[in-house]
Amino acid sequence: MKKAYEVKILDQKFVLKTDNDENHVKRIADYVNKVMHEIKHRTQTISTQNIAILGALNIAEELFAHEDESKAMVSDWKNRLSQIATKEA
């Protein structure tokens, strides 16, 4: 059953409904809040909408970089396993 949790991002309160536990929700909200505050302090952007868009782009870029890294690792492991299997055959 979904539970509702209140989080605060850029001094705005949001209620999130999720099946995840409170610690998980808090970790995500804290991370998003940190990214948004970093952007707010780095840029002269006053618009919350612009901060949110830049934050979403930064988080998406991190996600894609991690996915690419994971795919490269899996490919490397497959190659290594193939080499081991070939040596043992």
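Being a predicted model, the structure only gives us computed values, none of them experimental. Positions are given from 1 along the sequence.
- Val15 and Ala4 make their closest contact through CG1-CB, 3.9 Å (heavy atoms, listed as atom of the first residue, atom of the second, distance).
- For the atom pair CG of Asn20 and CD1 of Ile28, the computed distance is 6.0 Å after rounding to the nearest 0.5 Å.
- To the nearest 0.5 Å, atoms NE2 (His41) and OG1 (Thr43) are separated by 10.0 Å.
- Between Ile59 and Tyr31, the closest heavy-atom pair is CG1-CE2, 4.0 Å.
- Counting non-hydrogen atoms of other residues, nucleotides and ligands closer than 6.0 Å to CD1 of Ile46 gives a total of 12 or fewer.
- Atom CD1 of residue Ile39 and atom NZ of residue Lys34 lie 11.0 Å apart, to the nearest 0.5 angstrom.
- Taken from CD in Glu67 to CG in Leu63, the straight-line distance is 4.0 Å, to the nearest 0.5 Å.
- At a threshold of 4.5 Å between non-hydrogen side-chain atoms, the residues Lys2 and Thr18 do not count as touching.
- Taking each heavy atom of Thr86 and Ser82 in turn, the nearest pair found is OG1-O, 2.7 Å.
- You'll find the side chain of Met36 stays beyond 4.5 Å of the side chain of Lys40, heavy atoms only.
- For the pair Ile51 and Leu10, the tightest heavy-atom approach, listed with the atom from each and the gap, is CG2-CD1, 3.7 Å.
- Shortest non-hydrogen contact noted between Gly55 and Val35 is CA-CG1, 3.9 Å.
- Expressed to the nearest 0.5 Å, how far CG of Asn33 lies from NZ of Lys26 amounts to 9.5 Å.
- Interatomic distance, Thr48 OG1 to Gln12 CD, rounded to the nearest 0.5 Å: 5.5 Å.
- Considering all non-hydrogen atoms of both residues, Asp21 and His24 come closest at OD1-N, 2.8 Å.
- Environment of CD in Glu22: sparse, with no more than 12 heavy atoms of neighbouring residues, nucleotides or ligands closer than 6.0 Å.
- The neighbour count for Arg80 CZ, taken as heavy atoms of other residues, nucleotides or ligands under 6.0 Å away, does not exceed 12.
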